[in-house]
Amino acid sequence: MEDTMSKPLVPDELWALVEPLLPKHPYVPGVGKPRVPDRVCLTGILFVLKTGLPWEDFPQEMGCCGMTLWNRLNEWREAGVWDQLHRLLLDKLRGADEIDFSRVIVDSASIRAVHGGKKRDRTPWTAGKTARNTISSSMPMACLLPSGSPEPIATT
């Protein structure tokens with residue numbers, strides 16, 4: 001019989017990797033209210049990101065409000081937690097030979113082009129040169145405005 005219970009968003013194995021990366025904020029009794037536990041926040045963050053639920057619609061019955069989740073997400077971003085976790089998980093997957101490099105692509109927007117390819121010639125300067133009027137003319141040669149003439153005035 002198949003287990004009908006859903007899998008937790010933050011299993012113990014994942015939490016064991018994440019917890020040491022998180023900044024420590026010891027509670028000082030009598031100063032403010034205690035912080036929402038980090039594991040509750042991580043679960044909420046993953047829930048919002050997985051479901052696409054707006055932060056402000058996060059149900060408080062799950063242990064905190066969406067604004068707390070948003071603030072914790074930002075706090076951890078500023079502390080470099082996400083970059084460290086990304087590197088740690090990639091290293092673990094690589095060590096277990098679980099990364100399929102046949103499906104890897106390089107995004108040129110995030111990789112600097114060292115030599116940038118072929119250099120283009122300079123665009124020739126055309127200002128001040130007279131040219132045929134290509135807007136409309138029934139004559140083979142359109143009228144050219146002599147330099148120094150005022151701009152034509154549109155009439156209807």
Side-chain angles (χ1 to χ4, degrees), residues 1-129 131 133-136 151-156:
M1 181 177 204
E2 188 176 317
D3 186 6
T4 58
M5 296 292 292
S6 62
K7 293 186 282 184
L9 289 174
V10 183
D12 292 338
E13 300 82 28
L14 176 60
W15 181 244
L17 296 173
V18 174
E19 186 179 25
L21 304 176
L22 301 176
K24 304 299 179 231
H25 295 281
Y27 174 64
V28 179
V31 179
K33 63 182 189 178
R35 278 172 63 96
V36 174
D38 287 334
R39 189 167 185 171
V40 170
C41 287
L42 180 60
T43 301
I45 290 168
L46 293 177
F47 180 81
V48 167
L49 296 176
K50 184 175 182 175
T51 62
L53 183 75
W55 295 103
E56 62 270 11
D57 291 343
F58 185 78
Q60 288 192 3
E61 296 82 8
M62 292 183 71
C64 64
C65 69
M67 196 61 184
T68 299
L69 298 178
W70 173 254
N71 289 334
R72 199 70 59 93
L73 175 75
N74 192 45
E75 174 190 320
W76 292 344
R77 181 192 55 79
E78 288 176 352
V81 170
W82 302 116
D83 291 335
Q84 293 173 47
L85 181 60
H86 184 231
R87 170 57 51 204
L88 179 67
L89 292 174
L90 281 177
D91 289 345
K92 284 200 156 304
L93 289 171
R94 189 174 287 121
D97 199 29
E98 291 289 327
I99 298 178
D100 181 5
F101 286 105
S102 69
R103 301 182 62 134
V104 173
I105 62 168
V106 176
D107 180 358
S108 63
S110 61
I111 304 296
R112 187 176 142 258
V114 179
H115 297 289
K118 182 181 173 189
K119 302 288 184 208
R120 295 183 179 184
D121 291 336
R122 289 186 57 174
T123 304
W125 183 254
T126 58
K129 295 181 181 177
N133 183 342
T134 59
I135 296 173
S136 68
E151 291 292 319
I153 299 173
T155 58
T156 55

Can you give each donor-acceptor pair under 3.5 Å made by side-chain atoms of residues 49-59, sequence neighbours left out, with the distance rounded to 0.1 Å?
from	atom 1	to	atom 2	distance (Å)
Thr51	OG1	Phe47	O	2.8
Thr51	OG1	Leu53	N	3.2

In this structure, CD of Gln84 is separated from CG of Leu89 (nearest 0.5 Å) by 11.5 Å
Residue set satisfying side chain to side chain donor-acceptor pair (under 3.5 Å) with Asp100, at least two apart, ordered chain then number -> Ser102
Heavy-atom closest pair (Cys64 atom, Leu69 atom, distance to 0.1 Å) is SG-CD2, 3.4 Å
Practice item. Flag the pair Asp83 and Arg87 as a salt bridge only when some basic side-chain nitrogen lies within less than 4.0 angstrom of an acidic carboxylate oxygen. Key: no
For residues 71-82, which side-chain donor-acceptor pairs fall under 3.5 Å, sequence neighbours excluded?
from	atom 1	to	atom 2	distance (Å)
Asn71	ND2	Met67	O	3.3
Arg72	NH1	Val36	O	3.0
Arg72	NH1	Asp38	OD1	2.5
Arg72	NH2	Val36	O	3.1
Asn74	OD1	Arg77	NE	3.1
Asn74	OD1	Arg77	NH2	2.7
Glu75	OE1	Arg35	NH1	3.4
Glu75	OE2	His25	NE2	2.8
Glu75	OE2	Arg35	NH2	3.3
Trp82	NE1	Leu73	O	3.4

Under 3.5 Å, sequence neighbours excluded: what are the donor-acceptor pairs made by side chains of residues 11-18?
from	atom 1	to	atom 2	distance (Å)
Asp12	OD1	Arg39	NH1	3.3
Asp12	OD1	Arg39	NH2	2.8
Trp15	NE1	Glu19	OE1	3.4

- Heavy atoms from other residues, nucleotides or ligands near NZ of Lys24 exceed 12 (cutoff 6.0 Å): yes
